[in-house]
There are 2 protein chains.
Amino acid sequence: MNPPGTPQAPGGDRSTRSAGPTGSARPQDHATSGRGALNREVIVSAAIEYVDEHGLAMLTMRRLGEHLGVEAMSLYRYVNGREDLLEEIVRRMVGGLHVDRARRELLAGPGWQAYLQWLAHAVRRLARQHPQLFPLIATRHPAAPWLRPPLRSLDVVEDFLATLVDRGFTMENAVMAYRAFTSYLLGYLLLEVSTISGRTVAEESLTEVANSPPPSPVPLDDYPYIQRLETWLSQDHTDLEFELSLEDMLDRIERLLAGDRT
Amino acid sequence: MNPPGTPQAPGGDRSTRSAGPTGSARPQDHATSGRGALNREVIVSAAIEYVDEHGLAMLTMRRLGEHLGVEAMSLYRYVNGREDLLEEIVRRMVGGLHVDRARRELLAGPGWQAYLQWLAHAVRRLARQHPQLFPLIATRHPAAPWLRPPLRSLDVVEDFLATLVDRGFTMENAVMAYRAFTSYLLGYLLLEVSTISGRTVAEESLTEVANSPPPSPVPLDDYPYIQRLETWLSQDHTDLEFELSLEDMLDRIERLLAGDRT
DNA sequence: ACCTGAACACCGTTCAAGT
DNA sequence: ACCTGAACACCGTTCAAGT
């Protein structure tokens with residue numbers, strides 16, 4: 001399955017499902033030498049950190065190497081190239097949304113709403129913590145193309161469907177709920193995040209690149225309505241707005257169920 | 001305003017609002033020489049064409065130059081670098097959504113619903129015509145950061161707000177409608193498009209790059225629910241699904257209005 | 001006025017070589 | 001086993017030079 005030339009990541013076990021509490025970090029007691037401790041996990045963490053600070057465009061194999069105190073070429077032992085690194089970042093971020101059955105039962109209780117509420121908030125937390133990275137989640141096409149952003153991880157989708165079907169959704173309705181939930185979240189958060197990171201990235205590319213002209217403040221004559229509504233338009237999404245539209249969306253899903261029974 | 005070193009685009013009038021029926025293509029009767037006819041418009045068109053065919057990652061100043069039968073450096077006379085080119089592509093795509101007042105009245109009639117219906121379908125047409133480009137629309141941060149994707153163009157947003165306010169929306173409700181509409185469309189279309197272009201791009205990067213291993217078909221043991229629902233999940237979004245959820249969203253906007261009157 | 005050649009700084013990636 | 005140096009092919013972009 002693997003072309004012979006391809007460098008092999010040591011300990012490169014791709015399955016996310018496995019990770020029991022045992023196999024997380026093999027004990028490496030002989031000199032955890034501060035410098036030489038290079039591995040896939042460290043690299044991905046550093047990359048996330050770097051992007052959060054400098055923006056996605058600044059993430060370069062060479063710069064990441066430097067940031068880690070290592071030549072860029074060393075990274076290729078653990079990461080199968082830049083694409084693979086980005087993919088792994090997404091996997092890692094999204095992977096945190098998976099909860100085991102027990103925890104899920106606790107979260108959800110008898111209804112499905114509490115679980116979806118929790119999931120939505122978890123994704124939002126992610127988006128706001130890593131505004132630079134979230135568009136990646138929304139844009140990258142996964143291995144399984146019918147696995148849509150922003151959930152991505154098979155584990156998370158499995159959680160989602162299991163919860164709903166166990167609570168009495170038909171298969172068709174579960175899928176419709178998945179789509180509704182998923183596109184609501186994606187659309188909402190992409191916009192919310194674009195206001196946050198829009199400014200952030202702009203500032204950086206100004207200090208970092210420093211040759212692009214400052215994004216000219218557009219003159220609003222000729223646009224009377226926009227002018228009148230600018231204060232409202234530029235207002236940040238509030239937590240309340242998220243809660244309300246989220247509930248609205250959950251209601252829509254509930255109506256799916258109701259429509260089924262009548 | 002312009003740093004002296006910056007190359008200046010001839011005829012580089014940025015305002016989109018201007019374009020009366022007169023100034024579209026200055027008559028250049030002296031030898032419209034098939035080769036030398038390089039200008040901003042031609043470049044942008046070629047770029048769009050190129051991306052549609054080869055994917056965004058393949059769009060390179062040098063390759064685009066070659067595609068146009070010209071050295072890459074020539075492009076810099078008309079386009080202020082790659083970033084500017086991308087921005088212009090977005091401007092051009094989104095610009096087509098602007099309709100003058102007369103046409104809008106015709107479209108909308110007395111209600112606002114017909115206009116929003118038309119707009120939603122126009123954006124969807126765009127997304128499906130240029131699946132490779134649509135994520136760009138969703139991701140690029142505009143000059144005015146409160147101008148959210150996917151509408152982007154000041155003209156279009158002005159159209160949107162004017163239509164609603166003229167039909168009796170309060171300012172606050174018009175903005176809420178703008179957000180609801182915008183994030184609904186963005187979320188929905190991003191997902192729809194990701195199924196289309198997911199496959200497309202995968203095939204290309206396979207023929208073009210040819211060294212990445214074929215995206216391994218994920219084994220679905222361990223994921224019983226996904227397995228059961230796969231056929232549903234992988235089903236393409238249908239036109240009907242779009243219509244239904246669109247109407248649903250318009251209803252939500254209508255409830256904004258109703259809530260105001262009670 | 002418009003295009004080009006040559007050059008610069010920077011990429012991602014490979015591979016033989018070092019320790 | 002792990003990292004590096006050198007190299008390759010390819011970027012975006014600038015600028016003096018050609019016509």
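Below, all heavy atoms of this structure are taken into account, side chains as well, without hydrogens, waters or symmetry copies. So that the names make sense, note that chain A is the first sequence line, chain B the second, and so on, each numbered from 1.
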Using atom [atom1] of [X] as one end and atom [atom2] of [N] as the other, report the distance to the nearest whole Å.
{"X": "B:Leu85", "N": "D:dT13", "atom1": "CG", "atom2": "C1'", "value": "14 Å"}
{"X": "B:Arg40", "N": "C:dC2", "atom1": "CZ", "atom2": "C1'", "value": "17 Å"}
{"X": "B:Asn80", "N": "D:dG12", "atom1": "CG", "atom2": "C1'", "value": "13 Å"}
{"X": "B:Asn39", "N": "C:dA1", "atom1": "CG", "atom2": "P", "value": "17 Å"}
{"X": "B:Leu68", "N": "C:dT4", "atom1": "CG", "atom2": "P", "value": "11 Å"}
{"X": "B:Tyr78", "N": "D:dG12", "atom1": "OH", "atom2": "C1'", "value": "19 Å"}
{"X": "A:Leu75", "N": "C:dC15", "atom1": "CG", "atom2": "P", "value": "17 Å"}
{"X": "B:Arg62", "N": "C:dG12", "atom1": "CZ", "atom2": "P", "value": "16 Å"}

> Which part of the nucleic acid, if any, lies within contact of B:Met73, taking any heavy atom under 4.0 Å across all strands shown: a base, the sugar-phosphate backbone alone, or nothing?
Replying inline: base

>> What's A:Arg82 touching, base or sugar-phosphate or nothing? Going by heavy atoms closer than 4.0 Å.
In response: sugar-phosphate

> Should the pair B:Tyr178 and B:Phe160 be assigned to parallel (<30°), tilted (30 to 60°) or perpendicular (>60°) ring geometry?
Replying inline: perpendicular

> C:dG5 pairs with which nucleotide, Watson-Crick or G-U wobble, both distances below 3.5 Å?
Replying inline: D:dC15

> Is C:dC10 paired to anything, Watson-Crick or G-U wobble with both distances less than 3.5 Å, and if yes, which nucleotide?
Replying inline: none

>> Within the structure provided, determine whether B:His130 and B:Ile48 are in side-chain contact (heavy-atom separation under 4.5 Å).
In response: yes

> In terms of the nearest nucleotide of DNA chain D, which residue is placed more toward the 5' end: A:Ala72 or B:Arg63?
Replying inline: A:Ala72

> Pick from A:Leu151, A:Leu186, A:Val156: which one makes a side chain to side chain contact (heavy atoms under 4.5 Å, CB included) with A:Val123?
Replying inline: A:Leu151

Go through [options] for me and flag the one nearest to the [X] side chain.
{"X": "B:Tyr76", "options": "D:dG12, C:dG12, C:dC2", "value": "D:dG12"}
{"X": "A:Met61", "options": "C:dC3, D:dC2, C:dG12", "value": "C:dG12"}
{"X": "B:Val70", "options": "D:dG12, C:dC3, D:dC3", "value": "C:dC3"}
{"X": "B:Glu71", "options": "C:dT14, D:dG12, C:dT4", "value": "C:dT4"}

> Hey, are A:Asp159 and A:Arg103 close enough for a salt bridge, meaning a charged N less than 4.0 Å from a carboxylate O?
Replying inline: no

> Any cation-pi pair here, A:Arg63 with A:Tyr50, using under 6.0 Å and within 45°?
Replying inline: no

> Can you check whether A:Ser74 has a side-chain N or O nearer than 4.0 Å to OP1 or OP2 of D:dC2?
Replying inline: no

> Using a cut-off of less than 4.0 Å, is there contact between a side-chain N or O of A:Thr60 and OP1 or OP2 of C:dG12?
Replying inline: yes

